[in-house]
Amino acid sequence: MIKLENVSKIYRMGDQEVRALDGVSLEIEKGDFLSIIGPSGSGKSTLMHIMGLIDIPTSGKVILDGVDIYAPAKKGRKTKVKDRYLTDIRLRKIGFVFQQFYLLPTMTALENVELPMKEARVPKKERKERSKKLLDNVGLGHRLDHFPKQMSGGEQQRVAIARALANNPEILLADEPTGEVDSKTSERIMETFRKLNREDGITLVVVTHDPSVAEKADKILRMRDGRIESLTHMKAR
Amino acid sequence: MIKDIFRRKGRSAMTIIAIIASVALLLSMMSIAGGIRQNAVRHIEEGNVDVLISPHGDHAIYDAHEMVRNISEWNGVNGVSPNLYMFGTLMPVANISGQIVPVGCIGILPRLSWDMMGDSDREKYDGWFSDTEDFFDDPHYANGAYSGPYTGEIVLGDTMMDALNLSTGDTIKIAGAIGEPEREFRIVGRYETGFTGGGMIGDMKIYMGMMRLSELQDLAAYRDLRISDRADSMSVSLDPMADTKEFVKELKDAYPDYADGIKTKEDMIVDAQEYSAVSTAFYQAIGSVALVISLLFVASVMIMSVYERTNEIGMMRAIGISRRTIFMGTFAEGLLLVTIGAILGLIPGYFGSVAFGNYMASSVGINESFTAFTPEMIENALIEVIVLGTLFTIYPSWKAARMNILDALRHTG
């Protein structure tokens with residue numbers, strides 16, 4: 001589903017080069033539930049950003065559903081892949097969940113979930129129904145018209161999960177999704193992820209620094225110094 | 001994103017108030033400019049002068065009486081009236097209290113000038129020069145001085161007479177310049193200037209016989225009497241059925257020396273509009289500067305707003321919201337603020353222009369309205385606000401749309 005081939009990412013900070021990713025190769029199959037764990041600065045977030053097409057690798061290939069995403073830039077005279085192309089892939093194929101939720105404060109839970117569908121030109125009636133269903137699925141059917149500030153951190157994160165699922169993405173990328181919630185809520189969020197993975201077949205990649213969260217996944221990828229240290233397959237649950 | 005206007009109510013309200021104030025000022029300035037232009041044009045439109053012969057520069061019309069006699073006999077001509085001015089010369093008048101007052105003198109042939117006036121203008125005069133039909137006999141000189149039918153007669157404006165404590169029947173002395181030979185004049189009439197304030201602003205005119213003024217000019221200029229029968233301009237009133245173009249053509253053929261200075265009413269209106277263009281541009285510039293300042297305020301608020309929403313914009317870009325959507329959302333927000341401000345600004349703009357007009361009229365001391373508030377003006381003001389508002393909103397919108405996703409997500413401002 002997503003394949004990274006020898007991906008490197010180098011940032012320039014003044015005169016210095018910082019190698020955030022160093023020749024990472026990785027393949028994530030459809031239906032995988034993978035957690036990426038590692039110390040701060042190990043490259044786990046960079047890896048997720050590159051998988052989510054919000055960061056461009058310095059070198060290497062990113063292949064999504066068999067398509068080499070950055071190939072047009074390498075082949076032709078173009079130096080960059082068009083932003084519109086990447087944006088459209090993110091909109092339709094990838095779901096994002098962030099540590100800080102990033103819900104729009106002026107919109108209700110329902111409107112927040114509707115946002116990506118609106119961009120994808122989903123008819124109003126359909127997107128309302130689907131948003132309600134998604135919020136119902138994450139246990140927030142009774143909070144449709146509530147604004148983010150009227151909800152707890154856990155509830156806000158579940159709205160963010162519902163939003164990430166709005167356009168039926170093939171893969172859900174979560175960056176420290178439990179970082180801002182208590183342990184009980186954290187467990188509930190991970191349960192929601194597991195359910196989505198098992199019942200709906202959604203491919204999940206969760207970046208975390210918390211081993212107890214990482215252990216909930218089927219595979220654990222350990223990163224260190226921009227390289228993959230290990231890939232552990234957990235026992236079938 | 002438009003909902004963010006309501007999220008930051010205080011800031012949005014301040015922004016709208018700034019736009020309201022600038023639109024009100026812009027409209028007020030536009031209405032004053034419009035008023036000045038309108039007044040200038042109205043006087044020409046309502047006047048009886050259909051054609052004006054006004055030679056350029058220092059040139060004058062010589063043998064003016066003969067020219068008047070000739071043109072008066074042409075078909076379609078209702079009246080001809082010559083005028084002689086004292087341009088650029090301070091004409092002191094020693095009044096009974098001994099003050100020296102600079103004045104502007106207009107030399108006329110009183111009978112012809114009276115005939116040229118409309119009824120409403122005539123009502124402004126409580127007295128006029130001695131009535132005489134034989135103005136062609138006007139150029140009389142005896143013993144080196146003018147001794148025609150209007151000898152010693154003069155008409156003054158009311159505010160000047162009040163300021164100098166003069167009355168009809170009083171005698172005053174006028175000279176071409178300080179220290180030059182004086183001539184004595186008797187006030188035979190007083191006219192309403194329309195100025196209600198104190199002082200003599202705009203009321204510097206003294207009407208006297210054209211040849212008498214010529215005498216004063218020549219006494220001042222040459223220290224002896226070389227009176228010539230000259231006028232600076234000549235106004236012609238035509239029959240409503242007369243063909244103005246044909247008349248002008250005949251006039252140019254008959255008087256080729258003055259051909260360049262012949263103007264129809266339309267030409268005079270164009271001239272008046274051109275003369276008032278400078279003041280119009282000045283007032284519009286003041287209003288536009290105020291508008292630009294308020295729009296800079298809008299742009300600053302928008303930039304601040306975009307800065308505060310950096311994380312949200314980063315999130316939206318990450319989940320697949322296009323740059324176009326971000327741009328349009330921010331743009332619509334700014335434009336909505338500008339539009340609300342512009343529409344609400346029409347109300348204080350109207351009352352502001354009336355108040356400005358009244359203030360200016362009272363400070364200058366006139367009864368006439370100084371302002372004009374027209375639908376066209378509102379349309380122009382709205383177009384200016386919306387166009388400039390659009391320009392000033394583009395940058396913050398562009399900035400929002402071009403944000404780097406990762407930088408925006410990591411932003412901690």
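Excluded from the calculations below are hydrogen atoms, water molecules and symmetry mates; all remaining heavy atoms, backbone and side chain alike, are included. Below, chains carry the letters A, B, ... as their sequence lines are ordered, and counting in each starts from 1. All figures in this text were calculated on a predicted structure; none of them were measured in a lab.
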When the 4.5 angstrom heavy-atom criterion is applied to A/Leu115 and chain B, the contacting part is both

Okay, A/Arg163 and chain B: the region with an atom under 4.5 Å from a heavy atom over there is side chain

Practice task
Answer yes when A/Asp83 and B/Arg402 have at least one side-chain N-carboxylate O distance shorter than 4.0 Å, and no when they do not.
Solution key: no

Compare every heavy atom of [Y] with every heavy atom of [X], then report the nearest pair and how far apart it is.
{"X": "B/Leu409", "Y": "A/Ile54", "result": "CD1-CD1, 4.0 Å"}
{"X": "B/Gly320", "Y": "A/Glu119", "result": "O-CG, 3.6 Å"}
{"X": "B/Ala318", "Y": "A/Phe98", "result": "CB-CZ, 3.6 Å"}

Original post:
Are the side chain of A/Arg90 and the backbone of B/Arg317 linked by a donor-acceptor contact shorter than 3.5 Å?
Top reply: yes

| Donor-acceptor pair, A/Tyr102 side chain versus B/Gly314 backbone, under 3.5 Å? | no

So CD1 of A/Ile56 and CG of B/Leu406: to nearest 0.5 Å the spacing works out to 9.5 Å

Output for pair (A/Leu104 CG, B/Met316 CE), nearest 0.5 Å, gives 5.0 Å

For [X], look at atom [atom1] and say whether over 12 heavy atoms of other residues, nucleotides or ligands are found less than 6.0 Å away.
{"X": "A/Asp225", "atom1": "CG", "answer": "no"}
{"X": "A/Gln16", "atom1": "CD", "answer": "no"}
{"X": "B/Tyr350", "atom1": "OH", "answer": "no"}
{"X": "B/Tyr275", "atom1": "OH", "answer": "no"}

**Request:** Using a 4.5 Å cut-off on heavy atoms from C-beta on, say whether the side chain of A/Thr87 contacts that of B/Arg323.
**Result:** no

> Is there side-chain contact between B/Asn311 and A/Gln100, with at least one heavy-atom pair below 4.5 Å?
Replying inline: no

Bottom line for B/Ile405: the part with an atom under 4.5 Å from chain A's heavy atoms is side chain

